Amino acid sequence: MDTWDRKNILVKKKIIVTGGAGYIGSHTVVELIAAGFTPIIIDNLCNTSVKNIKGVEKITGEEIKWYNRDCTNTEEINKIFSEEKIEGVIHFAAYKSVEESVQNPQKYYDNNIGSLEVILESMRENNVKNIIFSSSCTVYGSPDILPVTENSPFKKAESPYGETKQICEGMLKVDSCNSVSLRYFNPIGSHSSALIGDCSSDKANNLIPIITEVAIGKRKKITVFGDDYNTPDGTCIRDYIHVVDLAKSHVLAMNLLINKEGKHDFNIGTGIGVSVIDAIKAFEKTNNLSINYSIGPRRRGDIEQIYANGNLVKEKLGWEAKETLYQAMKSAWEWEKNK
Ligand code: UD1
């Protein structure tokens, strides 16, 4: 619901977006503005670029307020929370490389868990009630039953990265806040303007960025990690969700918390399982390109298949994926050419 001040001027609700200069964060900032919120970004740019903030400003025509701060710094975060009168927080700021988390788990525990601790403390201190948390389908580990529902059990995490997501969800459950954990499946694609996207310095190790790097000539070929899984074409199955659809789910989740107290978990996926070979073919067909690939051994820790049951989020938030795999593949290619 809108708030009006004494001169009858619409007061837009302020939302802190930690990690708002990142891949999913920047797309969410665009959607928050479109929905009438005033997002305020906190980002230390440790794994993204100011290019995304400039991109958001170009897309929306609005100047974005942002703080270059580390979310594990209690004093600084608390200061921002006490100065800005905010309605809620969307907490994206976290490390996200599964591989790196295996090599350096402490870095992941310190940053991913430490930053949520600081955010929750600052919320309590400043009487901020609402938080949306960036979770992941990785919390389900290797599921026994597909598609996964929000009630599917948390199996043993496949990586320290996955473990941090499980722990953070647990922290939200015992805190006094209102919270929504959004369990993302595999986010792909970019805004249609190609002005924002994944600017992370990590070596690309997700499927679609690797495909686009092959397409542009940065890599000679992509290795498909195993074709001997128990799936129709033998390659792993995932649920690839367009990042713009994903971004929109955060706005709906924030409205849910603003209007009603509670704690919720939602799967954010399409419900459609796509194999690695299907994804390569979809990219080739959409962009009229040929991708050089070969079959290699399985990747350690890979889950055979996972895709979402989206009934709950449709019922409670009225959210479902709208963009197609083809739109995602087209925008992923546009971003690679433009970045
Ligand atoms: C995993 C996590 C996800 C997390 C993401 C961050 C699960 C189920 N998902 O995604 O929560 O946010 O890491 O990085 O734990 N592939 C190839 N060749 C390649 C690269 C990938 O065949 O060069 C295949 C993989 O084996 C997999 C699929 O492509 O089957 C997708 O891989 P990727 O994009 O890395 O994402 P996940 O591992 O599913």
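Whatever order the structure lists ligands and atoms in, that order sets their numbers, starting from 1. Please read all numbers here as calculations on a predicted model, not as lab measurements. For this chain, numbers begin at 1 and follow the sequence in order. Excluded from the calculations below are hydrogen atoms, water molecules and symmetry mates; all remaining heavy atoms, backbone and side chain alike, are included.
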Nearest neighbour in protein (non-hydrogen) for atom 8 (C) of ligand 1: I303 CD1, 3.7 Å

Side chain, backbone, both or neither: T223 near ligand 1, heavy atoms under 4.0 Å: backbone

Residue V98 vicinity, atoms of ligand 1 by number, heavy atom under 4.0 Å: 13 (O)

F37/H250 aromatic ring centres below 6.0 Å: no

4.0 Å heavy-atom contact, Y229 with ligand 1: no

Winner among F185, Y240, F225 once heavy atoms are compared against atom 31 (C) of ligand 1: Y240

Sub-4.0 Å atoms of ligand 1 with respect to non-hydrogen atoms of T138: 11 (O), 15 (O)

Side-chain touch F225/V276, heavy atoms, less than 4.5 angstrom: no

Protein residue, atom and distance nearest to atom 33 (P) of ligand 1, heavy-atom basis: N206 ND2, 3.4 Å

Any donor-acceptor pair under 3.5 Å from N267 side chain to G269 backbone: no

Ligand 1 N/O within reach of Y184 N/O, cut-off under 3.5 Å: no

Closest approach of any protein heavy atom to atom 32 (O) of ligand 1, naming residue and atom: R299 NH2, 3.4 Å

Working for salt bridge (charged side-chain N to carboxylate O under 4.0 Å, His left out), residues K96 and D198: CA-CA 12 Å; K96 61 172 183 179; D198 190 350; 3.6 Å; yes

Y161 touching ligand 1 at heavy-atom level, < 4.0 angstrom: yes

Geometric N/O contact I210 with ligand 1, under 3.5 angstrom: no

L257 reachable from L32 in the ILVMFWY side-chain graph, under 4.5 Å edges: yes

Distance from atom 9 (N) of ligand 1 to nearest protein heavy atom, with residue and atom: C137 SG, 4.3 Å

Atom 26 (O) of ligand 1 [closest protein heavy-atom partner, distance rounded to 0.1 Å]: D302 OD2, 2.5 Å

Ionic contact status for K337 with E334, cut-off 4.0 Å: yes

Any side-chain heavy-atom pair of L317 and H264 under 4.5 Å: no

Any N/O pair L207/ligand 1 closer than 3.5 Å: yes

Numbered atoms of ligand 1 (with element) below 4.0 Å of V224, judged on heavy atoms: 22 (O)

Closest contact, heavy atoms only, P39 versus V29: CG-CG1, 3.6 Å

Atom indices of ligand 1 within 4.0 angstrom of K96 heavy atoms, with elements: 6 (C), 14 (O)

Close-contact set for ligand 1 against S136 heavy atoms, below 4.0 Å: 3 (C), 11 (O)

Side chain, backbone, both or neither: the part of Y140 lying under 4.0 Å from ligand 1 by heavy atom: neither

Protein contact of atom 24 (C) of ligand 1 - nearest heavy atom, named by residue and atom, plus distance: V276 CG2, 3.7 Å

Main-chain N/O of E75 paired with N73 side-chain donor or acceptor, under 3.5 Å: yes

Heavy-atom side-chain contact between I237 and I306 under 4.5 Å: no

Within 45° cone and under 6.0 Å: K316 NZ/CZ vs F266 ring: no

R238, E158, K221: member with heavy atom nearest to atom 39 (O) of ligand 1: R238

Whether W319 side chain and G310 backbone form a donor-acceptor pair below 3.5 Å: no

Validation row: H27, L246 side chains within 4.5 angstrom (heavy atoms): no

Protein residue, atom and distance nearest to atom 30 (O) of ligand 1, heavy-atom basis: C236 CB, 3.0 Å

Residue and atom name of the nearest protein heavy atom (relative to atom 37 (P) of ligand 1), distance in Å to one decimal: N186 ND2, 3.6 Å

